[in-house]
Enquirer: 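First, the structure itself, so that you have it in front of you.
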2 protein chains.
Amino acid sequence: MLEKTLRRALERGGQRYTEQRGAVYEFLMSTDSHPTADEVFLAVRGRIPGISLATVYKSLETLVGCGLAMKLTYGDSSARYDARTDLHHHVRCLSCGKVCDVPGSLPEREVQRLREGADGFEVTGYRMELLGYCTSCRS
Amino acid sequence: MLEKTLRRALERGGQRYTEQRGAVYEFLMSTDSHPTADEVFLAVRGRIPGISLATVYKSLETLVGCGLAMKLTYGDSSARYDARTDLHHHVRCLSCGKVCDVPGSLPEREVQRLREGADGFEVTGYRMELLGYCTSCRS
DNA sequence: ATCCTTGCAAAGCATTTGCAGTCAC
DNA sequence: GTGACTGCAAATGCTTTGCAAGGAT
């Protein structure tokens with residue numbers, strides 16, 4: 001169950017479970033819309049009317065720190081958050097900023113080939129996203 | 001020669017050649033350090049002492065609009081600019097933010113495979129970057 | 001009881017904008 | 001001469017921070 005997972009991950013880092021963090025995590029797990037911090041704020045406020053945007057930001061960073069969420073910082077505008085932790089990529093609409101999941105991954109062999117060109121760097125990962133236009137923005 | 005290239009690209013969009021745009025473009029072509037807008041500003045101020053940061057921002061966006069530069073907006077902090085227009089990727093230091101070029105590209109076949117998973121999107125391109133730690137940040 | 005977390009308001013930073021004066025064509 | 005561009009300063013948008021009050025263990 002979600003709360004248990006969160007409690008365990010938080011304890012590992014000496015942090016505490018709170019209603020606010022619980023609500024943020026549950027909302028993030030319940031959607032695949034890759035919400036911005038503000039969208040999380042608006043959604044969670046339905047359950048915890050007094051929550052502040054600053055708390056949402058702090059909670060999201062805490063989740064990222066625990067490995068329970070990813071921060072998607074491609075793109076120019078605001079960051080988006082994703083609670084899917086398995087390997088996958090994204091496609092972003094250049095017009096409205098919407099982000100969707102793209103299943104599948106690049107072959108390790110190809111990533112390795114690029115990695116060899118990164119002289120002097122200790123490469124620990126990579127990020128890739130497709131760019132284009134979503135259905136509604138094309139019309 | 002650089003100025004001619006710039007003039008031609010600007011004219012195509014009904015825009016004018018100025019000393020400021022010339023200096024920004026020349027600086028960007030002369031370096032492979034993927035500078036931020038502020039770094040461009042500091043460098044160009046040596047040649048045009050009165051230039052403003054706002055003008056640098058506007059000039060950079062103009063260059064991007066003309067296809068003479070790329071904006072690298074991965075990462076959390078400030079955007080970086082690159083006048084290399086051939087296909088290549090980047091590696092970014094997670095500690096200091098430094099960006100270096102990585103030669104080579106992904107096989108079209110692999111990109112195509114991913115693209116098929118982007119339902120409803122008209123995919124026009126992609127971006128990928130390696131992440132890791134540079135020599136100085138590892139010590 | 002301790003120390004972490006919250007909410008508020010203020011600060012921070014990168015970037016953009018409005019506008020009067022200036023410049024390119 | 002006309003419309004585009006510059007420089008300044010103020011504004012914007014997203015995110016972070018300082019701090020007193022409240023909450024988790």
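Every chain is numbered from 1, with letters handed out A, B, ... down the list of sequences. From a predicted model like this one, the values you see are computed outputs, not experimental measurements.
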Enquirer: State, to the nearest 10°, the angle formed by the axis through the first five base pairs of the helix from C:dA1-D:dT25 to C:dC25-D:dG1 and the axis through its last five.
Expert: 40°

Enquirer: Quick check against the 3.5 Å criterion: does B:Arg80 have a side-chain atom that pairs as donor or acceptor with the backbone of B:Gly97?
Expert: yes

Enquirer: Are there any protein N/O atoms within less than 3.5 Å of an N/O atom in nucleotides 12-15 of chain C, and if so, which ones and at what distance?
Expert:
from	atom 1	to	atom 2	distance (Å)
C:dT15	OP1	B:Ala79	N	2.8
C:dT15	OP2	B:Tyr57	OH	2.4
C:dT15	O5'	B:Tyr57	OH	3.3

Enquirer: Rounded to whole Å, please give me the gap between CD in A:Glu61 and C1' in D:dT15.
Expert: 9 Å

Enquirer: Closest-nucleotide mapping onto DNA chain C: is A:Thr62 or A:Ala54 further toward the 5' terminus? I mean the 5' end.
Expert: A:Thr62

Enquirer: Is there side-chain contact between B:Thr31 and B:Glu39, with heavy atoms separated by less than 4.5 Å?
Expert: no

Enquirer: Between B:Tyr17 and B:Arg7, is there a cation-pi geometry (under 6.0 Å to ring centre, at most 45° from the normal)?
Expert: yes

Enquirer: Send over the distance from B:Lys58 NZ to D:dA9 P, rounded to a whole Å.
Expert: 13 Å

Enquirer: Hydrophobic cluster membership, with links at side-chain heavy-atom distances under 4.5 Å among I/L/V/M/F/W/Y: are A:Val24 and A:Ile48 in one?
Expert: yes

Enquirer: If the plane angle is over 60° it's perpendicular, under 30° parallel, otherwise tilted; pick one for B:His90 and B:His34.
Expert: perpendicular

Enquirer: Within residues 11-35 of chain A, which residues have any heavy atom lying less than 4.0 Å from an atom of DNA chain C?
Expert: A:Gln15, A:Arg16, A:Thr18, A:Gln20, A:Arg21

Enquirer: Take the protein atom CG of B:Leu10 and the nucleotide atom P of C:dC23, then report the distance between them rounded to whole Å.
Expert: 19 Å

Enquirer: Does A:Arg113 use its side chain to pair, donor to acceptor, with the backbone of B:Ser105 at less than 3.5 Å?
Expert: yes

Enquirer: How about A:Val91 and B:Asp119: do any of their side-chain heavy atoms sit closer than 4.5 Å?
Expert: no

Enquirer: When the distance from CZ of B:Arg45 to P of D:dT6 is rounded to whole Å, what number comes out?
Expert: 17 Å

Enquirer: If Ile, Leu, Val, Met, Phe, Trp and Tyr residues are connected whenever their side-chain heavy atoms lie under 4.5 Å apart, and connections chain through other members, are B:Val123 and A:Leu131 in the same group?
Expert: no

Enquirer: Take the protein atom CD of A:Glu39 and the nucleotide atom P of D:dT15, then report the distance between them rounded to whole Å.
Expert: 11 Å

Enquirer: Examine distances only and state if a side-chain atom of A:Arg138 and a backbone atom of B:Gly120 form a donor-acceptor pair shorter than 3.5 Å.
Expert: yes

Enquirer: Treating Ile, Leu, Val, Met, Phe, Trp and Tyr as nodes and any side-chain heavy-atom pair under 4.5 angstrom as an edge, say whether A:Met70 and A:Leu28 lie in one connected cluster.
Expert: no

Enquirer: Which whole-number value in Å describes the distance from B:Ile48 CD1 to D:dT6 C1'?
Expert: 11 Å

Enquirer: Rounded to the nearest Å, what distance is computed from the CZ atom of residue A:Phe41 to the P atom of nucleotide D:dG13?
Expert: 16 Å

Enquirer: What are the two closest non-hydrogen atoms of A:Glu110 and B:Leu106, and how far apart are they?
Expert: CB-CD2, 4.2 Å

Enquirer: Please state how far atom CZ in B:Arg7 lies from atom C1' in C:dC23, giving the value in whole angstrom units.
Expert: 13 Å

